[in-house]
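Because the structure is a prediction, the values reported are computed rather than measured. Starting from 1, each residue takes its place in the sequence as its number. Whatever order the structure lists them in is the order used to number ligands and atoms, beginning at 1.
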Amino acid sequence: MKYDLHTHTMYSKCSNLKPEILLKLAKKKNFDGIAVTDHNTIQGSLAVGKLNTDKNFEVITGSEIETNQGSILAYYINEEIKSKDLMEALDEIKDQDGLVAIAHPFRTSLHMRHRFQIPIKEVKGKIDAIEAINSRNLPGNNWKAIKTADELGITKIAGSDTHFAFEFGHAYTLFEDNLRKAIKQNKTEIHGTILFGPISGLMSYFRARLL
Ligand SMILES: [Zn+2]
Ligand SMILES: [Zn+2]
C-alpha cells in the first residue's frame, strides 16, 4: 500500500488545494490512501472523505495539531482535538483510539513551534511514529529524524506536507495490508524527495500572509 500521510487542503490558510483536487491527484498518482492533516482541524479530511466513493482508496480523518511543544499528526480521530497542550492533546487522541506521529521534529524554520521542543525519548511511550521524511524539510532535518527513530525503535512514516497541487506525493509511506497494524509493528517503508521544499514553503508563507 502506498499512502501520503501528510496533506493539506484549503481548510488550512497556507494551502489552496480544493478537497476534490487532492483526491483526484492521489488517485491519478496511484496512491492507495491519504491522510488529510489540516492545521488544527479535521474539516478538510471530512470533506475529502465525503467525496471519496472508491472502497479501495482510504481517506484517513486527521489533523496536524500545533501544540505548545511542536506539531503532531493525529490519524483516525473523529472529533477535533481541543487542547494545544502536548500531553493533553496526546491523551485526547488516545481517547479517540487515534494514532499519533510527531511532525517534522527537527525542521529548520523561522518559527520555533515548527520543531519539536522536548527530547523525543521523553514521549516515546505516548507516540506511535515519527515523521522521518517530510518533503518540506531540509536534508539534515530528515536525516536526524530517521536516526532518532531508529535509535529509539520508533516507527518511521513519510508525508509530502502538500499544500499545493505540485507537491503531492513527493514523500510516501509503503506498508503491507493495514496501516494501523504496520505502524504498531514498526513495519513501514519510507520514501521521498525534498527537491521542491524551499519553493513550497515560500508559497505557503505568502499565501497565509497576503490572502
Ligand atoms: Zn501549512
Ligand atoms: Zn503540515
Side-chain angles (χ1 to χ4, degrees), residues 3-19 21-23 25-26 31 33-48 59-77 80-81 84 86 89-90 93 98-117 127-138 141-142 145 156-173 190-211:
Y3 281 33
D4 188 337
L5 291 175
H6 191 156
T7 67
H8 292 267
T9 70
M10 54 201 283
Y11 286 84
S12 299
K13 65 177 181 181
C14 35
S15 165
N16 74 347
L17 252 185
K18 292 195 173 99
I21 304 289
L22 176 60
L23 184 62
L25 275 170
F31 276 68
I34 49 172
V36 183
T37 52
D38 282 306
H39 298 288
N40 306 309
T41 181
I42 60 171
Q43 292 308 313
S45 63
L46 294 177
V48 179
V59 178
I60 298 171
T61 305
S63 170
E64 177 173 21
I65 302 135
E66 289 156 348
T67 78
N68 59 346
Q69 306 288 356
S71 298
I72 54 174
L73 296 162
Y75 302 126
Y76 297 112
I77 53 174
E80 300 285 8
I81 303 303
K84 292 287 181 292
L86 173 69
L90 291 175
I93 296 165
L99 296 179
V100 60
I102 300 176
H104 44 70
F106 303 108
R107 174 175 283 180
T108 306
S109 165
L110 294 174
H111 302 289
M112 275 308 282
R113 67 177 167 83
H114 282 158
R115 61 162 64 215
F116 205 61
Q117 302 292 308
I127 59 168
D128 300 290
I130 289 177
E131 183 182 55
I133 298 178
N134 175 301
S135 298
R136 287 184 161 212
N137 271 352
L138 295 173
N141 306 156
N142 285 334
K156 300 187 287 291
I157 59 159
S160 64
D161 210 350
T162 289
H163 287 65
F164 301 97
F166 74 92
E167 296 178 82
F168 180 79
H170 288 164
Y172 52 90
T173 306
I190 55 171
H191 294 271
T193 175
I194 55 161
L195 218 53
F196 307 93
I199 179 74
S200 312
L202 278 175
M203 284 173 69
S204 273
Y205 180 87
F206 286 115
R207 180 170 178 85
R209 275 155 194 82
L210 300 180
L211 296 180

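- Taking the six-membered ring where tryptophan is involved, the planes of H8 and H6 are tilted, since the angle between them lies from 30° to 60°.
- Residues R107 and N134 have side chains that bring a donor and an acceptor to within less than 3.5 angstrom of each other.
- For the atom pair CG of D38 and OG1 of T7, the computed distance is 7.0 Å after rounding to the nearest 0.5 Å.
- Protein atoms that are N, O or S and lie under 2.8 Å from the Zn ion (ligand 2) are these: H6 NE2, H8 NE2, E64 OE1, D161 OD1.
- For the residue pair T108 and N141, a side-chain donor N or O sits within less than 3.5 Å of a side-chain acceptor on the partner.
- Side chains of E64 and H104: a donor on one and an acceptor on the other come within 3.5 Å.
- Going from atom CZ of F116 over to atom CD1 of I102 covers 4.0 Å, rounded to the nearest 0.5 Å.
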